[in-house]
Each structure stands twice: as structure tokens, then as C-alpha cells.
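For reference, the structure discussed in these notes is given below.
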Amino acid sequence: MNLDDLNVAQRQAVERTEGPVLILAGAGSGKTKVLTTRISYLVEDKNVNPGNILAITFTNKAANEMRERVDKIIGDNSRDMWISTFHSCCVRILRKDINKIGYNRSFVIYDSSDQATLIKECMKELDINDKKFDHKMIISKISSAKDKLMDPKEFARQAGSDFLLKKIAEVYAVYQERLKRSSALDFDDLIVKTVELLKSSEDVLEFYRNKFKYIMVDEYQDTSRAQYELIKMLAMGHQNICVVGDDDQSIYGWRGADIRNILEFERDYDDVFVVKLEQNYRSTQIILDTANHLIANNIERKKKRLWSEKKDGEKVQVKLLKNEVEEANFVVNEIYENSIKTGRPFSEYAVLYRANAQARAVEDALNKFQIPYNIYGGTKFYERKEIKDLLAFLRVIVNPQDDISVKRIINIPRRGIGLKTIEKLEDRASMMKESLYSVLLDVDNNSDISTKAKKGINEFLDMVGLLRALNEVYKPSELIEKVLDVTGYKSELEFQVKKNENMQNGKAEEAQDRIDNLMEFISIAIEYETGVLNSGEEKNLEEFLSGISLSSDIDDEDNDSIDKVSLMTMHSSKGLEFPVVFIVGMEENIFPIARAIHSMSDAEIEEERRLCYVGITRAMKELYLTYTVSRVLYGKPNVNKKSRFLGELPDETVEILDSPVKPVEFAGANYSLIAKYADKYKNSMNLESAKSIGAKIKKEKDYDAMNVACGEGAGYDSYDSSKIPRLKKGSV
Ligand code: ATP
Ligand code: MG
């Protein structure tokens with residue numbers, strides 16, 4: 001096999017087929033390329049039977065891609081090879097032999113909602129109050145115990161006299177019994193039971209040690225302790241194990257991945273051949289120096305430095321903007337001008353952020369510039385169902401003759417108006433050449449319509465009437481809140497969150513996401529009202545809506561051949577590369593992200609820093625980092641200092657661009673404080689009481705925070721109490 005296109009270190013990693021090999025491959029150093037080449041090399045040059053090879057990757061997608069690449073080199077031969085994720089590999093092993101540890105071979109796999117149901121039953125059986133003990137918390141404790149291969153007995157032992165842990169240990173024990181009785185395994189059990197099987201049955205262990213003579217693991221930094229043990233048991237005989245990872249890119253700690261696995265590999269195996277792939281084929285030296293300097297602040301890591309042959313390159317551009325709108329405008333303007341100057345297609349640009357909700361501001365700017373884009377791992381903001389519904393409500397308030405919008409919301413939330421009824425109403429409207437709404441107004445005289453539907457329609461009409469009246473009193477941001485309340489839209493979502501919160505079926509998260517998006521929509525209205533979005537005089541709902549239609553309505557068939565800018569979170573950017581990368585929101589509490597419940601531990605900060613490292617190393621040629629004085633996110637104003645990560649970059653590789661604004665320095669302006677005051681204002685019924693709250697805050701010497709909540713410290717020109725977000729006008 002021709003290995004000419006590999007560098008010396010890569011070739012060594014491929015050719016060293018016997019014994020343990022640890023490839024500590026920096027970002028963009030050809031990690032995956034080495035792994036696939038190695039598999040092919042084993043078959044082609046070393047005559048290894050494909051059935052003797054086990055390759056583990058992190059996702060099914062990655063496994064399929066790896067198989068495709070190997071197929072290309074060695075053809076059909078790859079069929080007998082196990083290229084899979086940990087979980088599917090374990091299912092295969094267990095189907096064959098799980099009876100040896102007392103389970104039925106036709107076991108079922110419980111998903112997270114089955115799991116929740118069973119846990120609740122166990123709690124009932126033990127008379128454990130589910131009001132006092134959150135079963136979601138119990139599930140997560142049990143799951144992380146399983147990640148560490150801790151069985152119920154060991155769990156109970158470690159719990160000692162701790163009341164809570166003792167209770168969890170009881171549930172854990174009963175839960176495992178019940179699973180076994182039902183011949184069921186949960187997801188974590190797939191790994192745990194495989195380890196148990198291999199431990200208890202010498203024959204089975206021998207069989208797989210003989211079968212898998214060569215073992216390879218990609219994305220090794222993201223394996224859990226249990227997965228680590230599994231691999232160790234299989235590989236311990238021959239020790240022909242090759243793992244590929246980058247400790248600096250471990251970003252799934254919250255999912256049970258254990259960075260120690262990579263740091264301790266050398267200790268667990270004999271004579272480990274360590275290959276450091278430090279040549280990066282992706283980025284300029286300037287970008288790599290920046291990444292290296294940043295990650296050097298982490299203590300828990302193997303020292304390594306990435307280098308590149310691409311010596312020249314632009315400095316990393318750092319820019320402070322006034323707010324998220326200006327930030328997005330800056331980014332999009334740079335993309336636009338840069339693409340004209342260099343002739344680069346839009347597909348060579350990526351905008352990365354910490355949280356999905358940050359995409360919205362960038363989307364608005366891209367729409368304004370009519371630049372096509374793709375969001376990975378998320379739906380475009382204005383295409384989301386909840387946003388479309390809300391817009392339809394607002395459009396009907398402004399113009400009830402808008403048939404499309406009326407039709408969209410007439411039965412939201414459900415009020416017994418079926419499709420048949422709507423059809424009849426539409427027929428009548430087209431016959432009379434009237435709008436749907438006029439036909440609705442006349443519904444009581446319509447003998448075609450059932451009494452139940454009539455009742456629903458009248459409710460709908462009353463609601464629209466009320467909202468139209470409210471529109472006369474409230475400004476858009478306030479009205480939107482009213483709409484969400486009056487229609488019951490928000491409480492329905494909140495109900496969904498509550499109802500599903502312990503089910504682990506994803507529905508609670510989905511509903512919470514929708515609420516977050518709706519709150520984010522309020523951000524847009526606030527931006528509009530405070531003049532960030534419009535310079536004109538009129539600040540009413542009509543103007544607001546037409547502004548939105550103009551900015552969101554661009555011709556954009558979902559066509560992959562269209563040249564598009566990529567938007568994604570830094571988590572989803574792992575493994576990808578782009579010539580020009582923007583990372584937005586480089587602010588404390590945004591990135592590193594603020595944890596709502598507790599302050600960040602050092603370990604969590606290190607994980608955020610690795611995430612920043614992943615983001616930076618996606619860039620091939622140019623990198624921009626932006627931050628703002630203030631931003632409205634999830635409908636709340638934030639003022640944060642610049643991210644500590646910016647302060648950790650080397651002076652030599654960074655160019656600070658001129659800023660139109662000054663940075664904020666005041667202390668105490670943290671998210672929770674702002675939220676606290678924003679909430680106080682929200683609950684104040686009129687200006688007078690808002691003023692008295694203001695006076696009280698002043699006395700408490702928290703006026704910086706108050707300014708923040710009011711938007712003054714946020715770089716707005718003058719203080720004006722009417723700019724207080726979500727302050728109610730009058731007392732309706
Ligand atoms: P990440 O850590 O981001 O997942 P990686 O280590 O998996 O990166 P790859 O994606 O395999 O790296 O490779 C990065 C880029 O470098 C690819 O475009 C690849 O084709 C290129 N590359 C790798 N090795 C070489 C080489 N020896 N010569 C030229 N290009 C190479
Ligand atoms: Mg890779």
C-alpha cells in the first residue's frame with residue numbers, strides 16, 4: 001500500500017501494527033486519515049483477516065463514513081470487519097452470550113422513557129416520596145454510577161450513612177432486579193453487562209480476545225470509564241490496540257466521558273508507542289499559536305504543540321461591538337467584503353457560537369444582506385413552528401383579513417374547530433368574495449357550522465378582539481407577552497415542560513426550547529424599540545412586523561448546491577474545517593457559559609476552554625473573535641465583561657480592531673443579578689412602583705446592576721425609564 005502521502009509520524013502510526021499505540025493527534029493533524037489508512041494497511045499489507053479487526057467510533061455517522069473510506073481502499077473485504085459504536089458492538093456480543101450471566105438472549109433495550117417509568121415504579125415499591133426525590137436526579141446518579149462500573153452493592157457501600165445516597169442505592173438495587181426480571185437492559189447496561197460477561201466467562205473473553213486481534217478507537221477522549229474497561233479487557237492479551245484522540249478536544253465531560261482515559265493510557269499498557277501528530281495540515285501558524293497559547297492554561301493535559309508549514313497568515317482579529325445586532329452586522333459585513341476581495345464562496349465561512357439561541361441575531365443580519373446560510377443542528381429561527389405561530393397571531397392583530405395567518409392560528413390552542421369546518425368557512429368566503437375573518441364574524445348566522453365549532457370560533461373572535469385592544473396600549477415587546485399569555489400558548493408549553501420533565505423523553509427540553517425561542521423573539525422587539533433595529537420614528541406593531549418580513553423573507557430553497565455560510569455551535573463543529581471562522585459572543589457568562597445553579601468549577605472552566613480550542617482550530621486561514629458590551633438574549637438584557645479566554649490569547653498573534661464603544665468594567669453585572677432586577681420590573685404594575693424599586697436598588701448600592709437592567713450601562717445613549725425591558729405601561 002502506498003503511504004507516500006503521509007508524513008513520518010503518520011506513517012509510523014500506520015506501520016506500528018503490533019503492541020499498544022497511543023496517537024495523540026492534535027486538531028487537523030490527520031487523525032481519522034491515519035486510522036482508516038491503518039485499517040486498510042492491516043488487511044492489504046499485513047494480510048490480517050478483516051474479521052480480526054474491531055474499530056470503534058463515537059457516532060453511527062462516523063462509523064459509516066469510516067467503513068466507506070475503508071471500502072474504497074480494500075473493497076468488499078471490509079464486510080467481516082466490526083466498524084461500529086460502542087453500543088452496537090456490545091449488543092452484538094450480548095446477543096450471543098448474555099445467557100451466561102442469567103439474562104435472556106432476546107433481551108429488550110429500554111429507552112429513557114421506559115427507564116423513567118421503571119424507576120418510578122421502583123420508588124413506589126420502596127415507598128420513596130417522588131415529591132422529595134426527583135427521579136430524574138436518581139436516574140442520572142445511577143447512570144453515572146454505571147459509567148464508572150459501580151454496581152448497587154458498591155454504590156451502597158460508598159453511600160455510607162448519607163441519607164440521600166442510601167435511598168438512591170436502594171432504588172438502584174431494586175431497579176436492577178426489575179430490569180433483570182424483565183430481561184431488559186438500559187443503555188448504560190449495554191456496556192456494563194458486556195464487561196460483566198467478559199469478566200465472568202473465561203470462554204467468552206478468550207473468544208473475543210482471539211477474534212479481535214487488532215483494536216482501534218477513534219475520538220478516544222470521549223470514552224467513559226466503563227468503555228475504557230471494556231476495551232482494556234479485550235485488548236489486554238495481545239495489546240494490539242491503537243487509540244486516537246486529543247485530550248485538548250474532550251468536550252463531552254457532562255456525558256460521562258473521562259479525560260483520564262487518555263491521560264492514563266500509558267500507565268495501563270506495556271511499552272506504549274506514543275505518536276504525537278503535531279503537524280497540522282489545516283491552519284496557519286498564527287491560528288495554531290493562538291490555540292496553543294490558550295490551551296496551555298489548562299492544567300489537566302498532555303503538553304503538545306501544533307505547528308504548521310503555513311507560515312504566513314492574517315492575525316486573529318478581535319473586535320468589541322455595542323450589542324448583538326452590531327456584532328452580527330459586523331460579522332456579515334466582513335463575510336461580504338472578504339468574499340468580494342478574495343473571491344471565496346460563502347461555503348468557506350463559518351460562524352460559531354456557544355448556545356443555539358445566539359444564532360438568531362446572526363441570521364437576521366445574513367437575511368438583511370441576503371446571504372444564504374445553513375444552520376447545523378437547528379432549524380432556522382423564523383422557520384420554527386412557535387415563531388411562525390406567534391407571527392401569525394401578531395399579523396392577525398394588525399390585520400384580521402390575513403387569511404393565511406387566521407387559518408394558521410384559528411385552532412391554536414385547540415378550540416374544537418376541525419379541518420372540515422375550516423373548509424366550509426373557506427368555501428363560503430370565496431363564494432361571498434370575503435375574507436375568512438368576515439365569514440367568522442357572521443358565523444352565528446351560518447347553519448352549516450356545528451354548535452361546538454361556533455363556540456370555538458366565538459372564543460377565537462373574542463380573543464382577537466381583546467388582543468387588538470391591548471395593541472392600542474402596549475408596545476410590541478409587551479404585547480407579545482400578552483399574546484403568549486392570553487392565547488395560553490406559553491402556559492401550554494410550560495405545562496408540557498412540567499408534564500414531561502421527569503420522563504427523559506426529550507419533550508420537556510423541546511418545549512423549553514420553544515419557550516426560549518419565544519423569549520428570544522421578545523429580544524427582537526426590544527432591539528426594535530430601543531432603536532437598535534430601526535432609526536425611524538414609528539415604533540408600532542405594523543412597522544415592527546414589516547421590518548421582520550423584510551429581513552426574514554429571502555428566497556432560499558433548501559438546496560445544497562446553493563453556496564451558503566455555515567452556522568453552528570462549537571460542539572457541532574468538531575472534526576470540521578473552514579477557511580474563515582468567526583466566533584461570536586466572547587463574553588463571560590456567554591462563553592464560558594454561565595451555569596444557572598452553581599458557579600463553575602475549575603474542571604468545567606477547563607472543558608469550556610477546550611471547547612474554545614476546538615472552535616479556534618476549525619479555522620484554516622482567518623479567524624475573528626467578537627464580543628459585545630451588552631446583548632439581549634432569551635428576552636433579557638445582559639452586560640458581561642469580555643471572556644477570560646480573550647485575555648488568554650498571545651499579544652503577538654492578535655490584532656485588536658478599533659471599536660465604536662468602550663468596554664464595561666463594573667463588577668457585579670452578572671446574569672443572575674440582572675435577571676433578578678429585570679424580574680422585579682416585570683412584576684411592577686406601573687411606572688411609579690418601578691421608580692420606587694429603582695430607588696430601593698440605589699439604596700442597596702446595586703445601581704450598576706440597575707443601569708444594566710435598564711440598558712444604560714449597556715451603551716444606550718441616555719437613561720429613560722420607558723426603556724426598561726418589559727415594564728408594564730399603566731396598570732391594566
Ligand atoms: P480533528 O481533530 O479536527 O477531527 P483530524 O485530526 O481528524 O482533525 P483529519 O480530518 O483527518 O484530521 O485531517 C485534517 C485535514 O488534513 C484533512 O483535510 C486531511 O486531508 C489533511 N491531511 C491530513 N494528513 C495529511 C498529509 N499527510 N498531507 C496532506 N494533508 C493531510
Ligand atoms: Mg477527525
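Remember, it's 1-based here, ligands and their atoms both numbered in the order they're listed. Quick caveat, the model's predicted, so the values are computed rather than measured.
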(request) Would you mind checking which non-hydrogen protein atom is closest to atom 24 (N) of ligand 1, with the distance to 0.1 Å? (result) Gln10 NE2, 3.0 Å
(request) May I ask you to check if ligand 1 and Gly28 share an N or O to N or O distance below 3.5 Å? (result) yes
(message) Students should be able to answer this: which protein heavy-atom is nearest to atom 2 (O) of ligand 1, and at what distance?
(response) Gln249 NE2, 2.9 Å
(request) Can you figure out which of Gly30, Gly26, Ala9 has its heavy atom closest to atom 13 (O) of ligand 1? (result) Gly30
(request) For a side chain to side chain donor-acceptor pair (under 3.5 Å) with Tyr624, tell me which candidate from Lys319, Glu314, Glu334 qualifies. (result) Glu334
(message) Any side-chain to backbone donor/acceptor pair from Arg344 onto Asn338? Under 3.5 Å, distance only.
(response) no
(request) Looking only at protein heavy atoms, identify the closest one to atom 28 (N) of ligand 1 and say how far it is in Å. (result) Tyr281 CE2, 3.3 Å
(message) Angle between ring planes, Tyr220 versus Tyr228, binned at 30° and 60°: parallel, tilted or perpendicular?
(response) tilted
(message) Is Arg618 close enough to touch ligand 1? Criterion: a residue heavy atom under 4.0 Å from a ligand atom.
(response) yes
(message) Just to check, does Glu577 reach to within less than 4.0 Å of ligand 1 when the distance is taken from its heavy atoms?
(response) yes
(message) To check your reading of the model: name the closest protein heavy atom to atom 7 (O) of ligand 1, its residue, and the distance in Å.
(response) Thr32 OG1, 3.0 Å
(message) Applying the salt bridge (charged side-chain N to carboxylate O under 4.0 Å, His left out) criterion to Glu587, which one of Arg631, Lys641, Arg354, Arg644 satisfies it?
(response) Arg631
(request) Kindly compute the distance separating OG1 (Thr36) from CG (Asp71), expressed to the nearest 0.5 Å. (result) 12.0 Å
(message) Is atom 20 (O) of ligand 1 near the protein, in the sense that some protein heavy atom lies at less than 4.0 Å from it?
(response) no
(message) The test is side-chain hydrogen bond (donor to acceptor under 3.5 Å, both in side chains); show your working for Glu327 and Thr628 and say whether it passes.
(response) CA-CA 7 Å; Glu327 180 184 51; Thr628 67; 5.4 Å; no
(request) To the nearest 0.5 Å, tell me how far Thr223 OG1 sits from Glu229 CD. (result) 11.0 Å
(request) Look at atom 10 (O) of ligand 1 and say which protein heavy atom is nearest, naming residue and atom and giving the distance to 0.1 Å. (result) Arg282 NH2, 3.8 Å
For residues 609-618, which side-chain donor-acceptor pairs fall under 3.5 Å, sequence neighbours excluded?
| residue | atom | partner | partner atom | Å |
| --- | --- | --- | --- | --- |
| Arg609 | NE | Glu648 | OE1 | 2.8 |
| Arg609 | NH1 | Asn298 | OD1 | 2.6 |
| Arg609 | NH2 | Glu648 | OE1 | 3.4 |
| Arg609 | NH2 | Glu648 | OE2 | 2.8 |
| Arg610 | NE | Ser250 | O | 2.6 |
| Arg610 | NH2 | Glu607 | OE1 | 3.3 |
| Thr617 | OG1 | Tyr613 | O | 2.8 |
| Thr617 | OG1 | Val614 | O | 3.1 |
| Arg618 | NE | Val614 | O | 2.8 |
| Arg618 | NH1 | Leu576 | O | 2.9 |
| Arg618 | NH2 | Gln249 | OE1 | 3.2 |

(request) Heavy-atom distances under 4.0 Å are what count here, so tell me which part of Asp5 touches ligand 1: side chain, backbone, both or neither. (result) backbone
